[in-house]
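Numbering starts at 1 and runs along the sequence shown. As the structure is a prediction and not an experimental result, all values here were calculated from the model.
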Amino acid sequence: GKQVIAEMNRVGIMVDISHPSKESMMQSLQITKAPIIASHSAVRALADASRNLDDEQLLALKANNGVAQIVAFNTYLKTDSAERRAAFAALRTEFKLGETVSLVGIRRGAPVGISEELREQVLKRLLEIDAKHPAPSRATVKDFVDHIDYAVKKIGIDHVGISSDFDG
């Protein structure tokens, strides 16, 4: 990775940190000699999604003279509540479902590598979670602008851009 970043710097290719982990992003900042970009991320303070940037990452990006392109993607602008996420984690533990078993697949009736009996039990619990901890409504333009405003206030307009990914 260090050699790749050095070569990217040498030939003028931007280092994009929207996909890697926070640790990888912070290491990239230590290595690069050029500004980096988060081509399609949002703000973790407003939506706790893995691709979103927390305040420490935003400030590090600013110090690098980089840019955070705020993405207009529903699941990065609005995320499940902490209670809903905890309920899903507890369900996975209760039924011994690994991270590779798709809860979305279970909802849709897609084959997910579990028995039909187990799928029905899990589906019943998913419906209970939905009733107790409803999913958030779809993101709006206001939600998108809130992320842009937060980032601009945190790191300045010179370090914030607008990405696409308008969720289809």
Side-chain angles (χ1 to χ4, degrees), residues 16-29 36-61 66-155 159-168:
D16 184 354
I17 54 82
S18 276
H19 281 268
S21 67
K22 178 179 179 176
E23 181 180 351
S24 177
M25 180 245 186
M26 300 305 265
Q27 288 176 8
S28 297
L29 286 169
I36 64 172
I37 185 171
S39 66
H40 55 295
S41 295
V43 175
R44 189 164 291 202
L46 301 180
D48 188 15
S50 63
R51 187 163 309 157
N52 290 352
L53 304 172
D54 66 24
D55 287 357
E56 180 183 15
Q57 290 172 289
L58 288 168
L59 293 169
L61 194 67
V67 175
Q69 295 281 119
I70 306 301
V71 64
F73 190 68
N74 185 59
T75 57
Y76 299 132
L77 297 176
K78 287 183 98 170
T79 55
D80 289 332
S81 68
E83 296 82 8
R84 184 172 167 87
R85 288 191 310 271
F88 288 143
L91 179 142
R92 285 186 175 283
T93 300
E94 176 185 345
F95 289 100
K96 297 177 178 59
L97 301 174
E99 288 298 317
T100 59
V101 174
S102 168
L103 297 180
V104 172
I106 290 172
R107 286 182 189 275
R108 293 182 179 159
V112 292
I114 61 175
S115 70
E116 183 59 27
E117 180 182 344
L118 180 57
R119 191 191 78 75
E120 288 178 17
Q121 291 173 6
V122 172
L123 185 56
K124 180 180 178 202
R125 290 278 284 114
L126 285 170
L127 294 173
E128 291 169 2
I129 291 170
D130 288 344
K132 187 172 183 181
H133 308 288
S137 59
R138 289 188 58 75
T140 65
V141 172
K142 181 190 179 312
D143 296 316
F144 182 45
V145 172
D146 288 347
H147 281 258
I148 295 168
D149 285 346
Y150 183 97
V152 167
K153 288 175 185 166
K154 182 61 71 177
I155 62 174
H159 303 285
V160 180
I162 297 173
S163 182
S164 63
D165 249 350
F166 287 104
D167 202 16

Quiz item: For the residue pair Asn74 and Ser137, what are the closest heavy atoms and their distance?
Solution: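 Closest approach of Asn74 to Ser137: OD1-O, 4.5 Å.
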Exercise. Enter the distance from Arg119:CZ to Leu126:CG here, rounded to the nearest 0.5 Å.
Key: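 Reported value, rounded in 0.5 Å steps: 10.0 Å.
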Exercise. Apply side-chain contact (heavy atoms from CB on, under 4.5 Å) to the pair Arg84 and Asp130, showing each step before the final yes or no.
Key: CA-CA 8 Å; Arg84 184 172 167 87; Asp130 288 344; 3.0 Å; yes
Quiz prompt | Carboxylate-amine/guanidinium proximity below 4.0 Å for Asp149 and Lys154 | solution =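 Here Asp149 does not pair with Lys154 in a salt bridge, since their nearest N and O are not under 4.0 Å apart.
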Quiz item: Roughly how far, to the nearest 0.5 Å, is the NZ atom of Lys96 from the CG atom of Leu91?
Solution: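 So the CG of Leu91 and the NZ of Lys96 are separated by 12.0 Å.
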Practice problem: State, yes or no, whether a side-chain contact exists between Val43 and Tyr76 at a heavy-atom distance under 4.5 Å. | Solution: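 They are not in contact (no side-chain heavy atoms under 4.5 Å apart), so the answer is no.
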Practice problem: Quick one: closest heavy-atom pair of Ile70 and Ala151, and the distance? | Solution: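 That closest heavy-atom pairing would be CD1-CB, 4.1 Å.
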Self-check item: Leu53 vs Ile17 side-chain heavy atoms within contact, under 4.5 Å
Solution: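 SC-SC contact between Leu53 and Ile17 confirmed.
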Quiz item: Is any side-chain heavy atom of His133 closer than 4.5 Å to a side-chain heavy atom of Arg85?
Solution: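 SC-SC contact between His133 and Arg85 ruled out.
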Exercise. Please indicate whether Glu116 has more than 12 foreign heavy atoms, meaning atoms of other residues, nucleotides or ligands, lying under 6.0 Å from its CD.
Key: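 Atom CD in Glu116 is crowded, with more than 12 foreign heavy atoms closer than 6.0 Å.
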Quiz item: Any ion pair linking Arg138 and Asp143 (charged N to carboxylate O, less than 4.0 Å)?
Solution: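 Salt bridge: no.
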Quiz item: In Å and rounded to the nearest 0.5 Å, what is the NZ to OG distance from Lys22 to Ser24?
Solution: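 OG of Ser24 is found 13.0 Å from NZ of Lys22.
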Quiz item: So, do Phe144 and Thr140 sit near enough that their side-chain heavy atoms are less than 4.5 Å apart?
Solution: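 Answer no - side chains too far apart.
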Exercise. Flag the pair Ile114 / Leu97 as yes when at least one side-chain heavy-atom distance between them is below 4.5 Å, and no otherwise.
Key: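 Yes; the side chains approach each other to less than 4.5 Å.
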Self-check item: Nearest-0.5 Å distance, CZ of residue Phe95 to CG of residue Leu103
Solution: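 One gets 11.0 Å once the value is rounded to the nearest 0.5 Å.
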Quiz prompt | Closest heavy-atom pair and its distance - Leu123, Arg107 | solution =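 Distance-wise, the nearest heavy atoms are CD1-CA, 4.0 Å.
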Self-check item: Full working for salt bridge (charged side-chain N to carboxylate O under 4.0 Å, His left out) between Glu83 and Lys132
Solution: CA-CA 9 Å; Glu83 296 82 8; Lys132 187 172 183 181; over 6 Å; no
Practice problem: Please answer whether the main-chain N or O of Ile162 pairs with a side-chain N or O of Gln69 as donor and acceptor at a distance below 3.5 Å. | Solution: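 Yes, the answer is positive, given that a donor and an acceptor are paired below the 3.5 Å cut-off.
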Exercise. Looking only at non-hydrogen atoms, find the nearest pair between Ala60 and Leu29 and report the distance.
Key: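 Residues Ala60 and Leu29, closest heavy atoms: CB-CD1, 3.4 Å.
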Exercise. Report yes or no: does Ser18 contribute a side-chain atom to a donor-acceptor pair with the main-chain N or O of Ser39 at less than 3.5 Å?
Key: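 Flag set: sc Ser18 to bb Ser39 pair under 3.5 Å.
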Quiz item: So does Arg125 pair up with Glu94, basic N to acidic O under 4.0 Å?
Solution: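 A salt bridge links Arg125 with Glu94.
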Quiz item: Taking all atoms of both residues into account, what is the closest heavy-atom pair of Ala47 and His147, and its distance?
Solution: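 Distance-wise, the nearest heavy atoms are CB-CE1, 3.9 Å.
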Quiz item: Ignoring hydrogens and geometry, is there a side-chain-to-backbone donor-acceptor pair from Arg51 to His19 under 3.5 Å?
Solution: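 No, the answer is negative, given that no donor and acceptor are paired below the 3.5 Å cut-off.
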Practice problem: Check the side chains of Asp48 and Thr79 for a donor-acceptor pair under 3.5 angstrom, ignoring hydrogens and angles. | Solution: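 Side-chain D/A pair, Thr79 to Asp48: absent.
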Quiz item: Which heavy atom of Gly161 sits nearest a heavy atom of Val67, and at what distance?
Solution: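 That would be N-CG1, 3.8 Å.
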Quiz item: So does Asp55 pair up with Arg44, basic N to acidic O under 4.0 Å?
Solution: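 No, Asp55 and Arg44 are not salt-bridged.
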Quiz item: How far does CD of Glu56 sit from CG of Leu61, to the nearest 0.5 angstrom?
Solution: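 Glu56 CD to Leu61 CG: 12.5 Å, rounded to 0.5 Å.
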Quiz item: CD1 of Ile106 to CD of Glu120: how many Å apart, nearest 0.5 Å?
Solution: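 Nearest 0.5 Å value for the CD1-CD distance: 11.5 Å.
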